[in-house]
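Heads up, the thing below is written out as structure tokens.
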Amino acid sequence: MLLIPSAVVAKGLEQVFSDLGEFSVEGNLQDLSHGTLPRIRSFAADVLIVDPSVFGVEERSRARALIAEYTPAPVVAMLTSLQGEDSLRQYDAVIDLYDSPTSIIQKMRAALESGQESGRGEGEELSAREKDILICVAKGMLNKEIADLYNISIYTVITHRKNITRKTGIKTVAGLTVYALLNNLIDIGSVE
């Protein structure tokens, strides 16, 4: 999934992915108008590539946290202009306009692997806290609301959500809700 205002840059990335055949672009949201961030959920992308310039100056330092409200997917910054080093540290990887296609693919792979812990895999039992987080997700709560409820950081919530996705193999909120219903973690009346 792309969140890149430049059609030229978006098409260029799409062409790189097409040529190398490892990734494909499912959609491009070009700006943050009209509730763009909530629409990210509907794509259930494995990786989100974002041009940090879509965020206002005040939002750039917390862009990753804003995105994390809507997707647990790794977020890769696509640099089309100069950005501060501090604001780039929040991303799982950084792609530069001058990176080679091979380098871009390597950075994408690294971003995907960064969220996965070695030695643990799909089908593993959820911890008690992960079940608590899953219940909140199934009830439609945002990451910030969950963090406030359990008095933990938003990044801890994101980590729990990544672990839930990895352990269950389910990437969408709807799928996680069905999982919670089938495993008697919630009842149908508690789902919004």
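- Every pair passing salt bridge (charged side-chain N to carboxylate O under 4.0 Å, His left out) that includes a residue from residues 145-157 is listed here, sequence neighbours excluded: K144-D148.
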Quiz prompt | Derivation and outcome, side chain to side chain contact (heavy atoms under 4.5 Å, CB included), residues V157 and I152 | solution = CA-CA 7 Å; V157 174; I152 57 178; 3.6 Å; yes
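- Residues L126 and V178 are members of separate hydrophobic clusters, defined by side-chain heavy-atom contacts under 4.5 angstrom among Ile, Leu, Val, Met, Phe, Trp and Tyr.
- Of all non-hydrogen atoms in E125 and K167, the two that sit nearest each other are O-NZ, 3.4 Å.
- A distance of 10.5 Å separates CE of M108 from CG of D92, quoted to the nearest 0.5 Å.
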Exercise. Test side chain to side chain contact (heavy atoms under 4.5 Å, CB included) on V94 and K107 and set out the steps.
Key: CA-CA 7 Å; V94 177; K107 289 178 179 184; 5.6 Å; no
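- Every residue two or more places apart in sequence or in another chain that forms a side chain to side chain contact (heavy atoms under 4.5 Å, CB included) with D132 is listed here: R129, Y150.
- L134 has its side chain out of reach of R161: every pair of non-hydrogen atoms, C-beta onward, lies at least 4.5 Å apart.
- For the pairing with V76, the side-chain contact (heavy atoms from CB on, under 4.5 Å) check across L48, I95, L112 returns one residue only, I95.
- When hydrophobic side chains of Ile, Leu, Val, Met, Phe, Trp and Tyr are connected at separations under 4.5 Å, Y155 ends up clustered with I154, I158.
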Output side-chain donor-acceptor pairs under 3.5 Å for residues 3-17, partner residues at least two apart or in another chain, one line each.
{"residue": "S6", "atom": "OG", "partner": "V8", "partner atom": "N", "Å": "3.4"}
{"residue": "S6", "atom": "OG", "partner": "V9", "partner atom": "N", "Å": "3.2"}
{"residue": "Q15", "atom": "NE2", "partner": "D19", "partner atom": "OD1", "Å": "2.7"}

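- With sequence neighbours excluded, no residue forms a side-chain hydrogen bond (donor to acceptor under 3.5 Å, both in side chains) with N183.
- Rounded to the nearest 0.5 angstrom, I133 CD1 and M141 CE are separated by 8.5 Å.
- The two atoms that bring P101 and L20 nearest to each other are O-CD1, 3.7 Å, heavy atoms only.
- Rounded to the nearest 0.5 angstrom, I170 CD1 and I164 CD1 are separated by 10.5 Å.
- Residue L182 is not grouped with residue I188 when hydrophobic side chains (ILVMFWY) are merged at heavy-atom distances under 4.5 angstrom, including chains of intermediate members.
- Partners of D51 according to the salt bridge (charged side-chain N to carboxylate O under 4.0 Å, His left out) rule, which considers only residues two or more places apart in sequence or in another chain, do not exist here.
- V173 is listed as a side-chain neighbour of T177, based on a closest heavy-atom distance under 4.5 Å.
- Under the side-chain hydrogen bond (donor to acceptor under 3.5 Å, both in side chains) criterion, S103 pairs with no residue at all, not counting sequence neighbours.
- Listed by chain and number, the residues in a side chain to side chain contact (heavy atoms under 4.5 Å, CB included) with I135 are K139, L185, I186 (sequence neighbours excluded).
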Practice problem: Under the side chain to side chain contact (heavy atoms under 4.5 Å, CB included) rule, what do L97 and L79 come out as? Steps first, then yes or no, please. | Solution: CA-CA 6 Å; L97 276 177; L79 296 184; over 6 Å; no
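- Considering SG of C136 and CG of N143, their distance stands at 10.5 Å, rounded to 0.5 Å.
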